[in-house]
Amino acid sequence: MKLTYRKAVKDDANLLIEIYNASFYDDYVLYGECPAYGQTKEQMEQSIEDFTKYIVLNDNIPVGALSFKDNGDGHYYLGCLCVIPEYQGLGIGTKAFQYMLSVCPDWKEITLVTPADKTQNVKFYTEKCGFNIGENVMDGKVEVVNFYMNR
């Protein structure tokens, strides 16, 4: 397995939509909604402008995406870290998060949210990435848990 990361540009919108849809289809079916699923090309192009995005490649095959926002003064919001289902469980997500830390050397705090009942996600972010669990809140019809990491 040889992982590389390529910064996304607007021309990558359709590829990112494919990665997001593959990664978040189960969430869309489970919750009836998922902000990362079913985006239009225009929505993804806007997201590429608003967030730093990287395409995660395994042996030059797109297998995931990493998306974060620099909120200034070392504060980052991890908007998306996804790996398509057939590549999950191989350590790709953990390595992608470590890559984020390497391209954000000034980070002081990183936050994110994920559905509270997605125990696999909760375990990943706490055990593999070192996040702390914050409060649970409702986001539409879905209860989400806030995570944070400080240094």
Side-chain angles (χ1 to χ4, degrees), residues 1-31 34-115 118-134 139 142 144-151:
M1 180 167 63
K2 183 175 185 257
L3 292 180
T4 55
Y5 307 89
R6 181 171 59 80
K7 192 166 185 180
V9 295
K10 277 190 174 183
D11 286 345
D12 292 315
N14 286 328
L15 173 58
L16 284 166
I17 289 168
E18 289 177 24
I19 293 168
Y20 279 40
N21 285 349
S23 300
F24 294 105
Y25 176 74
D26 289 346
D27 287 354
Y28 175 74
V29 170
L30 178 64
Y31 303 114
C34 178
Y37 180 82
Q39 292 187 35
T40 66
K41 183 177 181 184
E42 293 75 24
Q43 288 171 320
M44 185 59 76
E45 287 174 345
Q46 185 62 52
S47 186
I48 292 167
E49 280 190 31
D50 296 341
F51 286 77
T52 301
K53 293 186 185 292
Y54 287 90
I55 297 166
V56 181
L57 303 137
N58 179 31
D59 296 324
N60 292 319
I61 298 167
V63 297
L66 171 65
S67 175
F68 56 89
K69 187 168 193 160
D70 182 347
N71 291 322
D73 196 32
H75 295 266
Y76 290 86
Y77 175 72
L78 177 57
C80 181
L81 172 55
C82 65
V83 176
I84 59 176
E86 52 267 35
Y87 288 91
Q88 291 177 2
L90 302 174
I92 294 170
T94 304
K95 289 185 174 101
F97 180 68
Q98 291 167 350
Y99 181 77
M100 178 189 165
L101 296 178
S102 76
V103 297
C104 304
D106 67 329
W107 77 270
K108 296 177 186 171
E109 180 179 67
I110 303 170
T111 58
L112 67 99
V113 300
T114 197
K118 299 282 290 193
T119 55
Q120 181 178 341
N121 291 8
V122 173
K123 184 176 180 180
F124 170 76
Y125 287 117
T126 56
E127 295 180 13
K128 301 287 184 184
C129 299
F131 279 87
N132 298 298
I133 296 175
D139 182 2
V142 180
V144 297
V145 61
N146 287 282
F147 290 85
Y148 64 95
M149 175 187 285
N150 295 306
R151 73 167 174 186

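Quick note: residue numbers are just sequence positions, from 1.
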Enumerate, atom names and distances included, each donor-acceptor pair closer than 3.5 Å involving a side-chain atom of residues 122-131, sequence neighbours excluded.
unit_1, atom_1, unit_2, atom_2, d
T126, OG1, V122, O, 2.8
T126, OG1, K123, O, 3.4

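- To the nearest 0.5 angstrom, S67 atom OG is 9.0 Å from Y77 atom OH.
- From N132, atom CG reaches atom CE of M149 across 7.5 Å, with rounding to the nearest 0.5 Å.
- Checked by atom type and distance alone, the side chain of N150 never pairs as donor or acceptor with a backbone atom of E109 at under 3.5 Å.
- Side-chain contact check for W107 versus L101: some heavy-atom pair is nearer than 4.5 Å.
- For the atom pair CE of M44 and NZ of K53, the computed distance is 5.5 Å after rounding to the nearest 0.5 Å.
- Using a 4.5 Å heavy-atom threshold, the side chains of T111 and N146 count as separate.
- Ring pair Y28/Y25 is tilted by interplanar angle, where 30° to 60° counts as tilted.
- Atom CG in N121 sits 7.0 Å away from atom CG in D27 (nearest 0.5 Å).
- Contact check for L78 versus F97: side-chain heavy atoms found under the 4.5 Å cut-off.
- Shortest non-hydrogen contact noted between L66 and F68 is CG-CD2, 4.2 Å.
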Pairs under 3.5 angstrom only: tabulate donor-acceptor contacts from the side chains of residues 1-15 to other protein residues two or more places apart or in another chain.
unit_1, atom_1, unit_2, atom_2, d
Y5, OH, K95, O, 3.4
R6, NH1, D12, OD1, 3.1
R6, NH1, D12, OD2, 2.9
R6, NH2, D12, OD1, 3.3
K10, NZ, E49, OE2, 2.7
D12, OD2, V9, N, 2.9

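- Here the shortest heavy-atom pairing between R151 and C104 reads NH2-O, 4.5 Å.
- The nearest pair of heavy atoms linking I19 to P62 is CD1-CB, 4.0 Å.
- Minimum heavy-atom separation, Y76 to D106: OH-OD1, 2.5 Å.
- In Y99, the OH atom is crowded: over 12 heavy atoms of neighbouring residues, nucleotides or ligands sit closer than 6.0 Å.
- Residues Q46 and Q39 are not in side-chain contact: their nearest non-hydrogen atoms beyond the backbone lie 4.5 Å or more apart.
- From Y20, atom OH reaches atom SG of C34 across 10.5 Å, with rounding to the nearest 0.5 Å.
- In terms of heavy atoms, G93 sits closest to L81 at O-CD2, 3.6 Å.
- Considering only heavy atoms from C-beta on, K118 comes within 4.5 Å of Y31 through its side chain.
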Problem set entry | Stepwise side-chain contact (heavy atoms from CB on, under 4.5 Å) test for V113 and F147 | CA-CA 6 Å; V113 300; F147 290 85; over 6 Å; no
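- Of all the heavy atoms in P85 and A22, the pair that sits closest is CD-O, 3.4 Å.
- Distance CD1/I110 to OH/Y148: 14.0 Å, rounded to 0.5 Å.
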